[in-house]
Amino acid sequence: MMTNTQIRAFARNQLRGNWGAVIGAGFLILFSMFAYFVVLYAVVVLGSFSPLFGHSTVWSLRMDPAVPLAIQALLGIVIAALLFLGLWLYAGLSLGMQQMYFAVARGRRVRVTDVFHGFRNLPHMTHFFGTLLVIWFIQIVLEIPQIMIGHHYGTGTFDYRVTQTITSFIVYVIGLYFSMAALASADHPSMRTWTALRTSLHMMRNKKMKLLGLYLSFFGWVLLMVFTLGLAGIFVQPYLSQAVTIFYLSAYSDDYPSGVEEAEYREVEEADYREVKEPADQATQDTGVHPSNEKTASRSFDDVRREYTQESVGTDTDTEGENL
């Protein structure tokens with residue numbers, strides 16, 4: 001298992017040459033979700049078709065007892081479908097983004113449009129979406145006591161503040177246990193939802209504090225984001241996400257080495273990020289980067305990590321020799 005210092009250094013090293021792609025993909029996700037919320041606002045709040053019934057918004061239309069029940073039911077179905085579509089869109093983009101981080105960790109070059117690869121494999125997308133839904137459901141269930149106390153006694157009472165503190169602590173601890181579930185699902189197309197959750201529970205048995213330490217090591221970067229009004233987040237967020245991805249890969253290779261039964265889930269769809277065979281001049285013109293060779297495209301995370309470790313040791317040895 002790599003140390004947190006090694007994880008951060010390895011993340012920075014692997015992001016070289018890929019910063020533009022991951023940052024661009026992040027902005028593409030923001031733009032896609034913004035476009036979705038614009039459409040949702042136009043349909044649900046403004047009510048694109050509610051003026052046909054003499055109302056200015058969908059909410060006023062649904063509250064009107066004169067409107068037939070069938071129309072109100074149809075509106076409810078439309079709203080529910082739009083909300084589900086938003087969750088599906090977010091899950092697909094998140095899957096594509098996480099696959100990009102995996103590709104970067106394994107030493108491959110990625111493109112901005114790779115963020116849409118999450119929609120290409122429907123069974124994989126379904127497993128990943130199910131994993132996110134279960135995690136969200138667990139978080140909502142854990143928040144119920146806090147919501148009930150706040151409703152009955154008010155959010156300014158001592159009971160509510162105590163419940164809020166306890167609930168936040170429990171949610172965070174449970175979140176650490178399931179923090180690797182989405183990554184495990186994204187990394188293995190054939191892994192089902194419950195298997196991903198069990199894998200995360202197994203991996204985080206003795207690594208919760210190590211992951212917490214990794215998060216705390218970014219405290220200075222978080223302060224920088226505050227001082228720059230969030231602008232530093234353009235670089236900090238990909239850096240943190242890449243570090244967490246490497247943490248997962250290092251922990252997974254430590255807990256599930258080759259030869260055990262669970263190793264079948266180590267198979268990853270290499271085709272999505274395998275280099276396209278095209279003339280070097282054309283590839284350079286399109287991407288600005290010379291294409292990597294086939295050996296680089298097929299390397300595993302362990303191969304890349306060992307190569308990086310050997311290079312780091314060699315560099316340190318050369319530096320010590322020069323100093324002597």
Side-chain angles (χ1 to χ4, degrees), residues 7-8 10-37 85-136 175 178-189 191 193 196 199-200 211 214-215 218 221 225 230 232-252 268-274 287 289 297 301 304:
I7 288 174
R8 294 194 304 272
F10 189 55
R12 294 192 299 269
N13 181 78
Q14 297 305 95
L15 282 170
R16 293 175 184 173
N18 285 305
W19 278 106
V22 296
I23 291 175
F27 277 109
L28 197 57
I29 292 176
L30 289 177
F31 175 78
S32 299
M33 296 307 300
F34 176 77
Y36 162 76
F37 281 113
L85 177 63
L87 294 175
W88 184 265
L89 175 64
Y90 173 79
L93 294 173
S94 298
L95 175 58
M97 192 74 200
Q98 188 57 60
Q99 288 176 330
M100 289 180 65
Y101 286 125
F102 281 128
V104 171
R106 294 182 172 108
R108 304 166 203 156
R109 292 299 178 90
V110 295
R111 301 171 182 172
V112 175
T113 54
D114 290 344
V115 73
F116 295 112
H117 284 183
F119 298 99
R120 296 172 60 175
N121 187 336
L122 183 58
H124 188 192
M125 169 70 180
T126 303
H127 297 327
F128 183 78
F129 185 50
T131 303
L132 293 183
L133 287 180
V134 172
I135 294 175
W136 291 337
F178 291 109
S179 58
M180 298 292 108
L183 281 80
S185 179
D187 193 27
H188 308 106
M191 182 178 285
T193 296
T199 300
S200 181
L211 179 59
L214 179 62
Y215 285 133
F218 280 83
W221 291 105
M225 291 175 57
I234 296 175
F235 300 95
V236 176
Q237 181 58 44
Y239 179 24
L240 175 59
S241 298
Q242 190 63 60
V244 174
T245 299
I246 293 172
F247 177 95
Y248 158 80
L249 290 170
S250 180
Y252 189 87
V268 182
E269 289 185 337
E270 303 284 349
D272 287 347
Y273 295 101
R274 201 178 298 277
T287 64
V289 179
F301 169 75
V304 177

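Keep in mind the model is a prediction, meaning the values are calculated, not measured.
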I'd like to know if the side chain of [X] reaches the main chain of [Y], judged simply by a donor and an acceptor atom lying under 3.5 Å from each other, with no hydrogens or angles considered.
X	Y	value
Thr131	His127	yes
Asp187	Ala184	no
Ser250	Ile246	no
Gln98	Leu183	no
Thr126	Leu122	yes

Gap between atom [atom2] of [Y] and atom [atom1] of [X] - 0.5 Å precision:
X	Y	atom1	atom2	value
Ser185	Ile135	OG	CD1	9.0 Å
Leu95	Phe116	CG	CZ	13.0 Å
Tyr90	Met97	OH	CE	11.5 Å
Arg106	Thr245	CZ	OG1	9.5 Å
Gln14	Arg108	CD	CZ	11.0 Å

ask   = Near Trp19 CH2, under 6.0 Å, is it more than 12 heavy atoms from other residues, nucleotides or ligands?
value = yes

key: Phe178, CZ: over 12 other non-hydrogen atoms inside 6.0 angstrom   = yes

[X] versus [Y], closest heavy-atom pair with distance:
X	Y	result
Gln242	Ala11	CG-CB, 3.9 Å
His117	Thr113	CD2-O, 4.2 Å
Gly233	Pro238	O-CD, 3.8 Å
Met100	Arg111	CE-O, 3.3 Å

Going by atom type alone, with no hydrogens or angles, which donor-acceptor pairs under 3.5 Å involve a side-chain atom of residues 21-32 and a protein atom two or more places apart or on another chain?
{"from": "Ser32", "atom 1": "OG", "to": "Leu28", "atom 2": "O", "distance (Å)": "2.8"}

Answer whether the closest heavy-atom distance between the side chains of [X] and [Y] falls below 4.5 Å.
X	Y	value
Arg8	Tyr239	yes
Trp136	Leu133	yes
Gln99	Arg120	no
Met180	Leu211	yes
Val110	Tyr101	no

query = Going through the distances and angles, do Phe235 and Trp221 end up as a side-chain contact (heavy atoms from CB on, under 4.5 Å)?
reply = CA-CA 10 Å; Phe235 300 95; Trp221 291 105; over 6 Å; no

message = Is the ring pair Phe129/Trp88 parallel, tilted or perpendicular, if the boundaries are 30 and 60 degrees?
response =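 Plane angle over 60°, so perpendicular.
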
ask   = Who passes side-chain contact (heavy atoms from CB on, under 4.5 Å) against Ala182, sequence neighbours left out?
value =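 Phe128, Leu132.
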
key: Set of side-chain contact (heavy atoms from CB on, under 4.5 Å) partners for Leu89, sequence neighbours left out   = Met33, Tyr36, Leu93, Phe119

